[in-house]
**Student:** 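Quick one: the structure is below, and I'll ask about it shortly.
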Amino acid sequence: MEQLHDIEYRGFASDNYAGAHPEVLAAINTANGGHQVSYGADVYTQRLADVIREQFGGQTEVFPVFNGTGANVTALTSLLPRWGAVIATSTAHIHTDENGAPERIGGLKLLTVPTPDGKLTPELIDREAWGWGDEHRAQPLVASITQTTELGTLYTAGEIRAIAERVHAKGMTLHMDGARIANAAAALGMPLREFTTDAGVDILSFGGTKNGILYGEAIVALTPAVADGLIYLRKLNMQLASKMRFVSAQLLALFENDLYLRSAGHANAMATRLRAALDEAVAAGKITGLSFSQPTQANAVFAELPNDAADRIREKFRFYDWDRAARQVRWMTSFDTTEADIDTFVTAICQELAADR
């Protein structure tokens with residue numbers, strides 16, 4: 001087949017833009033050939049279950065799915081009755097970027113709380129955690145947090161534990177959207193279990209697509225007793241792959257030789273390089289009009305600069321406006337972002353924002 005794109009081009013719009021890691025492609029090739037039982041009864045999915053239990057605890061159950069929205073909706077639906085509600089931040093992906101899927105497909109009510117850094121706290125949860133027994137109010141029975149958050153910020157294990165304790169004390173359960181959980185693990189420098197299972201998370205949407213696999217995520221039931229009917233809901237929500245061995249093989253590849261940490265750690269390091277270079281240019285007075293709205297804690301840099309300058313830079317490097325009215329943009333790095341990519345991007349930004357321009 002003819003190659004239709006420039007394989008040397010890198011943008012900073014999303015880690016979804018990156019291709020598949022070579023080790024992931026090799027894993028798919030290894031899983032290919034011959035016949036394997038369909039719908040998850042294959043040897044790769046069985047091995048994935050063992051690996052997930054090694055990572056998260058012996059009680060854990062895993063359900064590979066096609067995508068993150070499917071993982072979130074299916075996981076949340078398994079936790080809630082039809083009258084249930086989910087407390088989340090106003091910037092949560094389930095609220096802003098899933099096109100009403102939790103409401104339309106899952107039949108869930110989302111109770112959102114504004115927060116400047118994308119993070120819930122026990123006190124913020126308390127704002128919506130009330131009204132049990134009131135027939136006029138959807139019952140708040142789940143809190144959902146994102147690690148790392150949609151604003152690029154990071155929960156510590158202690159912060160998650162405090163949320164879980166508050167949630168559980170109220171008879172609720174805790175869901176984690178882990179689309180970028182590998183970036184969190186790399187940034188925290190701790191095992192996955194330490195800030196999930198051991199911190200009190202009940203169910204996890206484990207992300208892979210943003211960390212170098214072609215497609216596929218997984219629902220990881222850390223407390224299986226609180227999740228009802230996942231085996232049925234996955235099919236009901238059109239997330240059951242017939243050739244599941246190819247989803248499972250990719251997820252297995254992430255854990256082989258800590259690929260998930262190597263890839264995410266590199267992406268984080270490239271974001272740190274970008275932020276440091278621009279901080280230095282601002283401090284030296286070489287550029288003006290640039291500031292940062294969030295700390296850079298993983299692989300996202302949130303910056304503020306004039307819209308016209310952003311548009312000119314975007315002619316060379318693709319990236320998204322986060323809030324155009326606030327002149328805020330988001331720059332994402334990936335497992336395949338190189339130091340040269342960062343340096344070239346920094347040069348383009350500095351040319352547009354040069355103090356003597």
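Keep in mind it's a predicted model, so treat the numbers as computed, not measured. These values consider heavy atoms only, across backbone and side chains, with no hydrogens, waters or symmetry-generated copies. Positions are given from 1 along the sequence.
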**Student:** Is the Lys NZ or Arg CZ of Arg314 less than 6.0 Å from the centre of Phe319's six-membered ring, within 45° of the axis?
**Tutor:**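 Yes.
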**Student:** Less than 4.0 Å between a side-chain N and a carboxylate O, is that true for Arg262 and Glu23?
**Tutor:**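 Yes.
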**Student:** Side-chain atoms of residues 24-40: list all donor-acceptor pairs with protein atoms under 3.5 Å, sequence neighbours left out, distances to 0.1 Å.
**Tutor:**
{"unit_1": "Thr30", "atom_1": "OG1", "unit_2": "Ala26", "atom_2": "O", "d": "3.0"}
{"unit_1": "Gln36", "atom_1": "OE1", "unit_2": "Val43", "atom_2": "N", "d": "2.9"}

**Student:** Look at the rings of Phe56 and Phe206 and say which category their plane angle falls in: under 30° parallel, 30 to 60° tilted, over 60° perpendicular.
**Tutor:**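 Plane angle over 60°, so perpendicular.
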**Student:** Quick one: does His168's side chain get under 4.5 Å of Asp202's, heavy atoms only?
**Tutor:**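 Side-chain contact under 4.5 Å: yes.
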**Student:** Answer with yes or no whether the side chains of His175 and Ser205 bring together a donor and an acceptor at under 3.5 Å.
**Tutor:**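 Short answer, yes.
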**Student:** Provide the closest heavy-atom pair for Ala101 versus Thr69 in the form atom of the first, atom of the second, distance.
**Tutor:**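 Shortest heavy-atom contact: CB-CG2, 3.8 Å.
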**Student:** Between the side chains of Gln328 and Ser293, is a donor N or O closer than 3.5 angstrom to an acceptor N or O?
**Tutor:**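 Yes, a side-chain donor-acceptor pair sits under 3.5 Å.
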**Student:** With Asn72 as reference, evaluate Asp177, Thr77, Asn67, Thr146 under the side chain to side chain donor-acceptor pair (under 3.5 Å) test and give the passing residue.
**Tutor:**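 When side chain to side chain donor-acceptor pair (under 3.5 Å) is applied between Asn72 and each of Asp177, Thr77, Asn67, Thr146, only Asp177 qualifies.
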**Student:** Does Arg324 come within less than 4.0 Å of Asp311, counting only side-chain N to carboxylate O?
**Tutor:**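 Counted as a salt bridge, because a side-chain N and a carboxylate O are separated by less than 4.0 Å.
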**Student:** Does the side chain of Asn183 come under 3.5 Å of the side chain of Thr148 through a donor N or O and an acceptor N or O?
**Tutor:**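 Result is no, nothing qualifies.
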**Student:** Can you get from Leu254 to Leu252 by hopping between Ile, Leu, Val, Met, Phe, Trp and Tyr side chains that sit under 4.5 Å apart?
**Tutor:**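 Yes; tracing contacts between hydrophobic side chains, which count when under 4.5 Å, links both residues.
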**Student:** With a 4.0 Å cut-off on N to O distance, would you call Arg161 and Asp198 a salt bridge?
**Tutor:**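 Salt bridge between Arg161 and Asp198, a charged N being under 4.0 Å from a carboxylate O: no.
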**Student:** Which label fits Phe12 and Phe345: parallel for a plane angle under 30°, tilted from 30 to 60°, or perpendicular past 60°?
**Tutor:**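 Parallel, since the angle between the ring planes stays under 30°.
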**Student:** Strictly below 4.0 Å, N to O, side chains only: are Glu339 and Arg10 in salt-bridge contact?
**Tutor:**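 A salt bridge is absent here (no side-chain N lies under 4.0 Å from a carboxylate O).
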